[in-house]
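A quick write-up on the structure given underneath.
The first residue of the sequence shown is numbered 1, and numbering continues consecutively from there.
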Amino acid sequence: MSGFGARVRKIRKERNMTIVKLAELCDSSENVIRNYEKSRRLPQIDMLIRICNALKVSPDYLLQDELVYQPHWVNEELLQKINRLSPKNISVLVEMINALEKYDEDDEC
C-alpha cells in the first residue's frame, strides 16, 4: 500500500497544510504522520478516520491503489460543494438521495 502515504502527502500539500498541522488535527505527532507519508506504517481505523476528516477526503480514496470508477477530482469537487451547503440544504440533499435510492430499489423489482 505504498500509494496511501503518497496520497496523504499529496492531499496535505494541496490543502497547504503542514505535517505539524495535520498531526495536530489528528491528535498525533509529526513522526507518526511522517511514517504514514513515507509508507513505513499504515494507520489503524481510528487514525484513518481522523486523517480523512482532517484532509476532507474519503477513506476509499486514501486506501485504493488505483481509482477505478471516477477520477479523484469528481469526488473532491462534490465534497467541496456539499461542505458549502447550509444544514437545511444538507437535509434536503439527504432526502433526495434517500428518494433516489428508494426509486432504484423500486425499479429493480
Side-chain angles (χ1 to χ4, degrees):
M1 274 215 196
S2 60
F4 172 82
R7 282 189 284 278
V8 168
R9 184 171 193 266
K10 178 180 179 283
I11 297 285
R12 178 180 60 76
K13 287 186 170 268
E14 285 175 1
R15 305 263 190 286
N16 294 318
M17 188 182 298
T18 65
I19 288 180
V20 173
K21 183 63 177 175
L22 181 56
E24 181 182 301
L25 290 171
C26 294
D27 193 27
S28 187
S29 72
E30 294 173 57
N31 286 336
V32 169
I33 301 299
R34 266 194 195 88
N35 283 332
Y36 296 147
E37 287 191 1
K38 293 183 178 189
S39 298
R40 293 179 185 149
R41 296 185 61 194
L42 287 174
Q44 295 202 4
I45 190 74
D46 61 325
M47 179 57 82
L48 174 64
I49 292 167
R50 285 186 265 167
I51 291 170
C52 289
N53 287 334
L55 295 176
K56 295 181 170 69
V57 295
S58 62
D60 64 326
Y61 172 72
L62 291 179
L63 295 173
Q64 286 182 357
D65 289 331
E66 185 177 316
L67 292 174
V68 178
Y69 299 108
Q70 31 182 282
H72 161 68
W73 63 267
V74 172
N75 293 332
E76 285 300 305
E77 183 178 347
L78 184 57
L79 285 174
Q80 289 173 1
K81 288 180 180 190
I82 291 170
N83 284 332
R84 289 191 297 263
L85 293 175
S86 68
K88 181 180 178 183
N89 284 338
I90 288 175
S91 295
V92 170
L93 180 60
V94 169
E95 288 176 26
M96 291 173 62
I97 291 169
N98 289 338
L100 287 169
E101 286 177 333
K102 176 143 180 38
Y103 180 80
D104 283 345
E105 290 171 3
D106 291 345
D107 198 35
E108 290 175 0
C109 294

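Considering CG of Leu79 and CZ of Arg84, their distance stands at 11.0 Å, rounded to 0.5 Å. Considering CD1 of Ile19 and SG of Cys26, their distance stands at 11.5 Å, rounded to 0.5 Å. Between the CD1 atom in Ile11 and the CG atom in Leu55 there is a gap of 7.0 Å [rounded to 0.5 Å]. In this structure, Met47 CE and Leu42 CG are separated by 12.5 Å, a value rounded to the nearest 0.5 Å. Here the straight-line distance linking atom NZ of Lys81 with atom CG of Leu93 works out to 12.0 Å at 0.5 Å rounding. Remark: Lys21 NZ to Arg15 CZ distance equals 14.5 Å, nearest 0.5 Å.
Glu101 is linked by a side-chain contact (heavy atoms from CB on, under 4.5 Å) to Ile97, Asn98, counting only residues two or more places apart in sequence or in another chain. Taking the side-chain contact (heavy atoms from CB on, under 4.5 Å) definition, one finds that Arg41 meets it with Asn35, Tyr36, sequence neighbours left out. Listed by chain and residue number, Met96 satisfy the side-chain contact (heavy atoms from CB on, under 4.5 Å) test with Val92 (two or more places apart in sequence, or in another chain).
Screening Arg12, Arg7, Lys10, Lys13 against Glu37 for a salt bridge (charged side-chain N to carboxylate O under 4.0 Å, His left out) leaves a single residue, Arg12.
Side-chain contact check for Asn31 and Ser29: no donor-acceptor pair (N or O, by modelled atom type) lies under 3.5 Å.
Under the 4.5 Å side-chain heavy-atom criterion for grouping Ile, Leu, Val, Met, Phe, Trp and Tyr, Leu100 is not connected to Ile82 through any hydrophobic cluster. Side-chain heavy atoms closer than 4.5 Å link hydrophobic residues (I, L, V, M, F, W, Y) into clusters, and following such links, even through other members, never connects Leu25 to Val20. Cluster annotation: Ile49 is connected to Val32 through the hydrophobic network of ILVMFWY side chains, with a link wherever side-chain heavy atoms come within less than 4.5 Å.
Pairing each heavy atom of Ala54 with each of Leu22, the nearest pair is CB-CD1, 3.6 Å. The shortest non-hydrogen separation linking Phe4 to Leu62 is CD1-O, 3.3 Å.
No more than 12 heavy atoms of other residues, nucleotides or ligands lie within 6.0 Å of CZ in Arg9, so this atom counts as exposed by the packing criterion. Counting heavy-atom neighbours within 6.0 Å of Asp27 CG, excluding the residue itself, gives a total of 12 or less.
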